[in-house]
Amino acid sequence: MIGCSCEVCTSANKKDNRLRSSIMVETAETTIVVDTTPDFRYQMLRLGVKKVDAIIFTHPHKDHMAGLDDVRSFNFITQKPMEVYCNYLTEEALRRDFYYAFSDTKYPGVPEINLHTITDKAFKINDLTIQPILVWHLKMPVLGFRFGPFTYITDANQIEEDQKEKIRGSKVMVLNALRKEKHISHYNLEEAIALVQELEVPEAYFTHISHQLGLHDEIESELPEGIHLGYDGLTLQL
Ligand SMILES: [Zn+2]
Ligand SMILES: [Zn+2]
């Protein structure tokens with residue numbers, strides 16, 4: 001957190017040092033990134049990512065969207081537009097915030113984007129089948145995504161029963177858990193643990209963690225079996 005000198009923000013433990021929430025999903029043929037955060041450029045540089053086939057968006061909040069301009073580098077490498085999948089709400093925001101990428105007369109070098117509107121129906125990107133899960137971020141509809149045995153949900157604090165059915169049977173789940181205190185639009189730690197247990201997902205990692213949650217190692221040691229805090233650079237093989 002800019003300007004903060006709390007014990008988390010000043011911690012020497014790398015796991016307390018977080019950029020904004022995002023994941024990359026790779027199969028033999030396909031690489032996709034979920035959300036382009038304001039840190040997207042650095043996240044790609046840090047991992048040395050050479051290829052991204054598509055971006056999919058959860059919701060149009062700035063901390064999940066702001067980095068889209070930097071898909072320009074991938075346009076340059078592939079000489080193709082970036083395939084972008086999002087719901088109508090995110091599409092509206094992308095067209096507004098990145099208006100210059102959608103104008104009829106484009107300045108040379110602006111990001112090239114090919115938009116696909118998605119709903120909560122399953123879709124495919126090459127060999128990757130993606131099942132969107134509709135979740136609620138206070139009153140904003142947000143998309144979580146299930147990729148076979150793996151489910152990713154960020155920025156939620158409510159999920160309806162029919163959508164919970166889409167999550168059941170996952171082997172691994174990533175879920176947002178902001179802090180211990182209650183929050184208006186995010187699950188807190190207790191609520192996130194309760195949801196993982198209710199859905200009987202055997203392995204879970206929490207994301208979208210605030211500095212208010214506390215030190216990684218301390219919180220990690222308090223969590224039930226199978227539940228962990230996520231951290232930057234965490235890699236899961238499924
Ligand atoms: Zn802090
Ligand atoms: Zn949000």
Side-chain angles (χ1 to χ4, degrees), residues 1-25 32-40 42-43 55-69 84-98 117-120 130 132-146 151-160 163 167 173-189 191-192 195 204-220 222 229-232:
M1 181 92 173
I2 292 174
C4 185
S5 45
C6 79
E7 61 174 356
V8 173
C9 291
T10 57
S11 166
N13 184 350
K14 274 189 175 166
K15 291 177 179 172
D16 285 315
N17 190 330
R18 281 181 285 271
L19 299 180
R20 259 61 66 89
S21 308
S22 172
I23 58 163
M24 190 165 83
V25 178
I32 64 131
V33 169
V34 180
D35 292 337
T36 54
T37 81
D39 302 314
F40 173 69
Y42 181 57
Q43 287 164 332
I55 306 284
I56 60 179
F57 282 103
T58 59
H59 70 301
H61 279 158
K62 211 62 166 184
D63 55 334
H64 294 259
M65 217 175 75
L68 183 64
D69 191 81
V84 171
Y85 295 78
C86 60
N87 69 4
Y88 71 97
L89 205 61
T90 303
E91 176 172 348
E92 216 175 70
L94 291 176
R95 287 184 185 279
R96 186 179 60 236
D97 291 11
F98 298 94
T117 311
I118 54 171
T119 60
D120 65 348
I130 303 165
I133 299 157
L134 175 68
V135 301
W136 293 98
H137 190 26
L138 185 60
K139 286 177 182 154
M140 176 183 274
V142 171
L143 294 178
F145 299 102
R146 179 160 175 179
T151 295
Y152 179 73
I153 292 171
T154 187
D155 291 59
N157 71 335
Q158 200 200 320
I159 306 177
E160 283 159 22
Q163 302 297 308
I167 305 169
M173 175 181 189
V174 172
L175 179 65
N176 64 303
L178 192 73
R179 61 185 189 191
K180 287 189 174 176
E181 295 77 40
K182 223 171 154 51
H183 187 270
I184 186 168
S185 62
H186 282 273
Y187 287 121
N188 67 9
L189 188 63
E191 291 163 339
L195 183 65
Y205 298 85
F206 292 151
T207 189
H208 212 298
I209 296 166
S210 162
H211 63 151
Q212 296 166 336
L213 181 65
L215 292 168
H216 177 96
D217 289 352
E218 282 177 23
I219 303 297
E220 177 71 28
E222 297 168 9
L229 294 187
Y231 52 88
D232 281 36

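We count ligands from 1, going down the list as the structure has it; atoms in each ligand are counted the same way.
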Legend entry - Considering only N, O or S atoms of His61, the one closest to the Zn ion (ligand 2): ND1
Inset, instruction - Could you tell me whether Met1 atom CE has more than 12 heavy atoms of other residues or ligands within 6.0 Å of it? - result: no
Legend entry - the Zn ion (ligand 2) to Asp155: nearest N/O/S atom name: OD2
Inset, instruction - For Asn157 and His183, test the side chains for any donor-to-acceptor distance below 3.5 angstrom and give the result as yes or no. - result: no
Inset, instruction - Of all N, O or S atoms in His211, identify the one at the shortest distance from the Zn ion (ligand 1). - result: ND1
Legend entry - the Zn ion (ligand 1): angle it makes with SG (Cys6) and SG (Cys4), nearest 10 degrees: 110°
Inset, instruction - Indicate whether any N or O donor in one side chain lies under 3.5 Å from an N or O acceptor in the other, for Asn13 and His216. - result: no
Legend entry - Among His61, Gln43, Lys62, side-chain hydrogen bond (donor to acceptor under 3.5 Å, both in side chains) partner for Thr37: Gln43
Inset, instruction - Decide whether Asp35 and His64 meet the rule of one side-chain donor and one side-chain acceptor closer than 3.5 Å. - result: yes
Inset, instruction - Output yes if His64 passes the N/O/S-under-2.8 Å test against the Zn ion (ligand 2); output no otherwise. - result: no
Legend entry - Residue His137 atom name (nearest to the Zn ion (ligand 2); N/O/S): NE2
